[in-house]
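Working notes for the structure below.
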Amino acid sequence: MSPSSRTSRLARDFFDRDVHEVSRDLLGARVSHDGVTVRITEVEAYGGIGDPGAHAFRGKTPRNAVLFDRPGSLYVYFTYGMHFCSNLVAGPHGQGAAVLLRAGEVIDGEDRARERRDVPGKPPVPARDLARGPARLAVTLGLSRPHNGLDTVAPDCPVLVSAPNGSVRGPVRTGPRVGVTGPGGDGDVYPWRYWLEGEPTVSAYRPGVLRKRRTRP
DNA sequence: CTCCAGATATACT
DNA sequence: GTATATCTGGAGC
């Protein structure tokens with residue numbers, strides 16, 4: 001491993017801060033699991049209780065309980081009947097705030113990633129798409145239900161969240177949440193999405209995604 | 001690039 | 001019982 005790519009595991013203090021600070025600082029960080037390492041290029045902040053878009057909006061439930069665990073815990077949930085997405089719990093502890101890992105670049109273990117992402121008989125997935133999107137990122141890293149609740153701060157945790165020592169990071173961009181009003185009410189948008197400018201692994205925002213009513217029988 | 005159907009755990013009435 | 005969900009892959013422009 002070259003000196004420039006040397007990293008260290010992130011500590012509890014890193015995660016036990018305001019979710020927006022943690023979100024920003026996770027850009028450029030690495031997440032490794034089971035032979036694959038992804039460099040994070042896009043995240044979203046979820047403010048926990050009081051954030052209408054957050055799973056923790058209405059407080060603690062069996063499903064979202066991990067969000068109320070210690071900062072640095074990994075919250076993996078199942079959604080849309082077929083996808084897993086992964087979050088890292090942020091501070092303050094007990095508020096249910098977390099950072100959704102939305103996209104990244106595979107920087108190690110691409111072969112292993114392809115074993116999980118490529119479909120036999122179909123053209124290989126373009127490299128930039130391997131971890132572009134929260135559910136794709138989870139597949140690429142091999143994260144699913146059993147990993148929910150892992151404490152990534154623990155030295156023996158199989159999921160390693162690390163950051164380069166003294167490395168430079170590109171410009172950080174932020175975007176507002178579209179179509180969701182904050183707790184303050186009308187028009188109170190919350191800049192919740194963070195990404196690294198110019199990264200090909202960051203997809204264009206799909207605003208509003210007006211979901212059609214499910215097909216009626 | 002944009003549009004759209006898919007398939008199911010979870011939380012709420 | 002019903003509505004919703006931190007989305008993706010494929011089709012069509």
Side-chain angles (χ1 to χ4, degrees), chain A residues 15 19-20 22-24 26-27 31 38 40-69 73-90 95-104 106 113-114 116-149 174-183 189-195 200-217:
Chain A
F15 295 102
V19 66
H20 294 279
V22 177
S23 297
R24 225 188 110 84
L26 276 174
L27 294 173
V31 180
V38 163
I40 300 299
T41 56
E42 180 185 359
V43 299
E44 268 173 10
Y46 285 84
I49 298 171
D51 177 355
H55 283 183
F57 179 47
R58 293 166 207 274
K60 192 171 174 178
T61 69
R63 181 204 200 189
N64 68 21
V66 170
L67 287 173
F68 297 85
D69 281 354
S73 297
L74 184 69
Y75 173 53
V76 182
Y77 67 91
F78 186 63
T79 190
Y80 282 94
M82 55 193 118
H83 302 302
F84 289 97
C85 296
S86 47
N87 300 246
L88 289 164
V89 176
Q95 235 225 291
V99 181
L100 169 69
L101 305 178
R102 284 199 61 89
V106 174
R114 289 195 173 282
R116 304 188 177 119
R117 291 276 291 124
D118 281 342
V119 181
K122 295 197 177 175
V125 175
R128 81 191 65 171
D129 287 347
L130 284 172
R132 184 167 97 162
R136 291 160 161 181
L137 187 148
V139 171
T140 286
L141 283 175
L143 297 177
S144 60
R145 206 184 299 282
H147 308 97
N148 186 38
T174 71
R177 186 175 201 167
V178 176
V180 179
T181 57
V189 288
Y190 182 48
W192 67 338
R193 185 168 166 262
Y194 300 82
W195 69 95
T201 50
V202 178
S203 61
Y205 187 41
R206 284 147 91 134
V209 187
L210 280 183
R211 212 166 296 298
K212 250 176 84 173
R213 277 173 170 270
R214 58 179 305 168
T215 45
R216 203 184 30 67

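Throughout, protein chains are lettered first and strands after them, A, B, ... in sequence-line order, and every chain is numbered starting at 1.
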Between protein and nucleic acid, restricted to nucleotides 11-13 of chain B and to nitrogen or oxygen atoms under 3.5 Å apart, what atom pairs and distances do you find?
unit_1: dA11(B); atom_1: OP1; unit_2: T61(A); atom_2: OG1; d: 2.5
unit_1: dA11(B); atom_1: OP1; unit_2: R63(A); atom_2: N; d: 3.4

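- Nearest approach of V22(A) to F15(A), heavy atoms of both residues: CG2-O, 3.6 Å.
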Let me see the working for L100(A) and V43(A) under side-chain contact (heavy atoms from CB on, under 4.5 Å), right down to the final yes or no. CA-CA 5 Å; L100(A) 169 69; V43(A) 299; over 6 Å; no
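- If you take CG of N87(A) and C1' of dA5(C), they are 13 Å apart, rounded to a whole angstrom.
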Take E42(A) and R193(A) through the salt bridge (Lys or Arg N to Asp or Glu O under 4.0 Å) test and state the conclusion after the steps. CA-CA 8 Å; E42(A) 180 185 359; R193(A) 185 168 166 262; 3.0 Å; yes
Walk me through whether F68(A) and I49(A) qualify under side-chain contact (heavy atoms from CB on, under 4.5 Å). CA-CA 10 Å; F68(A) 297 85; I49(A) 298 171; 3.8 Å; yes
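- Cation-pi contact between R145(A) and F84(A): absent, since separation from the ring centre below 6.0 Å together with deviation from the ring axis within 45° is not met.
- As a whole-Å value, the separation of D129(A) CG from dG10(C) P is 12 Å.
- Within a heavy-atom distance below 4.0 Å of DNA chain C, no residue of residues 139-147 of chain A is found.
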Apply side-chain contact (heavy atoms from CB on, under 4.5 Å) to V19(A) and V99(A), showing your working. CA-CA 7 Å; V19(A) 66; V99(A) 181; 3.8 Å; yes
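- Protein atom NE2 of H83(A) is 7 Å distant from nucleotide atom P of dG9(C), rounded to whole Å.
- The interatomic distance linking N148(A) (CG) with dT10(B) (C1') rounds to 14 Å, in whole Å.
- Of the candidate nucleotides dC7(C), dA7(B), dG9(C), dG9(C) has the atom nearest to the side chain of K122(A).
- Counting only Watson-Crick or G-U wobble pairs whose defining distances are both under 3.5 Å, the stems of 3 or more consecutive pairs in DNA chain C are B:1-6 with C:7-12, B:8-12 with C:1-5.
- Atom P of nucleotide dA5(C) and atom OH of Y80(A) are separated by 7 Å, given to the nearest angstrom.
- Residues A135(A) and H83(A) come closest through the heavy atom pair CB-CB, 3.7 Å.
- Put simply, the residue from V125(A), T201(A), L137(A) that forms a side chain to side chain contact (heavy atoms under 4.5 Å, CB included) with L130(A) is V125(A).
- Put simply, CE on M82(A) is 12 Å from P on dC7(C), counting in whole angstrom units.
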Where do Y75(A) and R63(A) land on the side-chain contact (heavy atoms from CB on, under 4.5 Å) test, with the steps shown first? CA-CA 10 Å; Y75(A) 173 53; R63(A) 181 204 200 189; 4.2 Å; yes
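- For the side chain to side chain contact (heavy atoms under 4.5 Å, CB included) criterion with Y77(A), the lone passing option out of N87(A), L67(A), V66(A), N64(A) is N87(A).
- The phosphate of dT8(C) (OP1 or OP2) has no side-chain N or O of R132(A) nearer than 4.0 angstrom.
- Among the nucleotides dA5(C), dG9(C), dA7(B), the one closest to any side-chain atom of R117(A) is dG9(C).
- With rounding to whole Å, F78(A) atom CZ is found 17 Å from dG6(B) atom P.
- Atom C1' of nucleotide dG9(C) and atom CG of L130(A) are separated by 15 Å, given to the nearest angstrom.
- Atom CZ of R128(A) has 12 or fewer neighbouring heavy atoms from other residues, nucleotides or ligands inside a 6.0 Å radius.
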